[in-house]
A.B. asks: 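Quick one: the structure is below, and I'll ask about it shortly.
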Amino acid sequence: MSDEEPSLNIPSLVTLAVVSFFVIRWFFKRDGDSHAPRSRGRARGNTVDPAQVEQISQMFPQLSTREIMWDLQRNGGNVAATTERVLSGRGLDAPPPSFQPMIAISPTGVPAQPAPPPTKSDGQDLISRYNLSAKITETNEEESAAKSSGTWSQNKEERQRLLQKRRDDMILAARRKMMQKQQESAQ
């Protein structure tokens with residue numbers, strides 16, 4: 001019986017295939033670990049978390065938001081890597097003109113990034129907003145005589161009226177100071 005050659009049977013072939021599969025998988029996964037953040041970032045698309053962008057922009061206000069988004073998108077959202085790049089003095093690369101970042105959408109469907117503050121595009125100022133144009137013509141003497149005693153009233157409507165009057169007086173006083181500065185700078 002010692003003259004027989006060993007033969008390959010089906011169970012040994014299956015075992016060889018399974019072991020080979022796991023060895024090859026381990027080999028490629030090990031090489032891919034250095035690029036794992038990049039592949040994760042590409043799997044998500046151009047989505048960048050606004051909280052991470054805000055965190056970095058608070059640490060480094062000299063950086064543009066677009067540069068921060070580009071670097072975070074390239075390194076898969078790794079804030080530590082972006083921070084390390086800036087601190088090492090290398091700076092951030094300028095994003096290409098074709099880079100159009102998308103902001104992350106919260107589960108409610110509303111963008112997670114806070115809305116920008118409203119601009120003064122309609123030209124409405126405080127005088128027109130609070131209908132103070134009639135009070136502009138009043139003189140300083142009349143306003144100083146109309147000052148209240150400063151006591152706090154128990155009546156809610158009276159408190160409301162006093163606070164509105166105080167707000168109006170502050171707006172008008174600020175307007176007078178601005179007009180005086182403009183007159184002084186014109187001279």
Side-chain angles (χ1 to χ4, degrees), residues 46-74 77-187:
N46 287 343
T47 306
V48 176
D49 188 15
Q52 293 174 333
V53 174
E54 181 67 23
Q55 180 182 7
I56 294 174
S57 67
Q58 286 179 352
M59 287 188 284
F60 307 106
Q62 74 275 13
L63 298 176
S64 73
T65 306
R66 187 170 165 81
E67 289 175 345
I68 294 170
M69 286 181 169
W70 171 246
D71 196 65
L72 284 173
Q73 191 266 334
R74 283 183 39 204
N78 192 345
V79 175
T82 301
T83 304
E84 182 64 31
R85 178 177 287 191
V86 174
L87 288 176
S88 68
R90 291 181 288 173
L92 299 181
D93 297 334
S98 62
F99 177 64
Q100 296 297 325
M102 294 173 28
I103 57 172
I105 304 294
S106 65
T108 60
V110 178
Q113 192 172 24
T119 59
K120 204 173 173 181
S121 61
D122 60 353
Q124 186 179 22
D125 59 352
L126 292 176
I127 302 296
S128 60
R129 182 184 296 172
Y130 295 116
N131 298 323
L132 298 175
S133 57
K135 292 187 177 184
I136 291 176
T137 58
E138 290 182 6
T139 62
N140 293 340
E141 296 84 25
E142 292 174 355
E143 289 180 14
S144 61
K147 296 253 183 204
S148 63
S149 63
T151 59
W152 193 253
S153 173
Q154 296 297 324
N155 186 0
K156 182 179 178 181
E157 289 80 21
E158 181 68 20
R159 287 193 309 260
Q160 179 79 19
R161 188 186 62 76
L162 287 174
L163 289 173
Q164 285 178 350
K165 183 179 180 329
R166 191 178 298 170
R167 177 199 63 200
D168 294 347
D169 291 343
M170 287 178 14
I171 292 171
L172 292 172
R175 185 182 193 313
R176 278 192 303 275
K177 286 181 184 178
M178 182 186 70
M179 297 298 278
Q180 286 175 353
K181 284 184 181 180
Q182 286 178 349
Q183 288 175 355
E184 289 173 1
S185 65
Q187 292 175 354

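For the numbers below, each heavy atom of this structure counts, side chains included, while hydrogens, waters and symmetry mates do not.
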A.B. asks: Strictly by modelled atom types, are E54 and Q58 linked by a side-chain donor-acceptor pair under 3.5 Å?
C.D. replies: yes
A.B. asks: Does the side chain of M179 come within less than 4.5 Å of Q182's, by heavy atoms?
C.D. replies: yes
A.B. asks: Of the non-hydrogen atoms in V48 and V53, which two are nearest, and what is the gap between them?
C.D. replies: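 That would be CG1-CG2, 3.4 Å.
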A.B. asks: Begin from the C-alpha positions of L72 and I56 and carry the test side-chain contact (heavy atoms from CB on, under 4.5 Å) through to its verdict.
C.D. replies: CA-CA 10 Å; L72 284 173; I56 294 174; 3.9 Å; yes
A.B. asks: I need the minimum non-hydrogen distance between R161 and E158, along with the two atoms involved.
C.D. replies: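 Closest approach of R161 to E158: NH2-OE2, 2.5 Å.
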A.B. asks: With rounding to the nearest 0.5 Å, note down the distance linking NZ in K165 to CG in L172.
C.D. replies: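 If I round to the nearest 0.5 Å, the distance is 9.5 Å.
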A.B. asks: When rounded to the nearest 0.5 angstrom, what distance separates CG in L163 from CZ in R166?
C.D. replies: 6.0 Å
A.B. asks: Nearest 0.5 angstrom please: T83 OG1 to F60 CZ, how far?
C.D. replies: 5.0 Å
A.B. asks: In the structure I gave you, are the side-chain heavy atoms of T65 and M69 within less than 4.5 Å of one another anywhere?
C.D. replies: yes
A.B. asks: Checking R66 now: which residues fulfil salt bridge (Lys or Arg N to Asp or Glu O under 4.0 Å) with it, not counting sequence neighbours?
C.D. replies: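 Counting only residues at least two positions away or on another chain, R66 forms no salt bridge (Lys or Arg N to Asp or Glu O under 4.0 Å).
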A.B. asks: If I take atom CG from residue L162 and atom CD from residue E157, how far apart are they, to the nearest 0.5 angstrom?
C.D. replies: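 L162 atom CG to E157 atom CD measures 12.0 Å (nearest 0.5 Å).
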A.B. asks: If you round to the nearest 0.5 Å, how far is NZ of K177 from CD of Q180?
C.D. replies: 9.0 Å
A.B. asks: Report all side-chain donor-acceptor pairs from residues 89-98 shorter than 3.5 Å, counting only partners two or more places apart or in another chain.
C.D. replies:
residue, atom, partner, partner atom, Å
R90, NE, S88, OG, 3.1
D93, OD2, R74, NH1, 2.7
D93, OD2, R74, NH2, 3.4

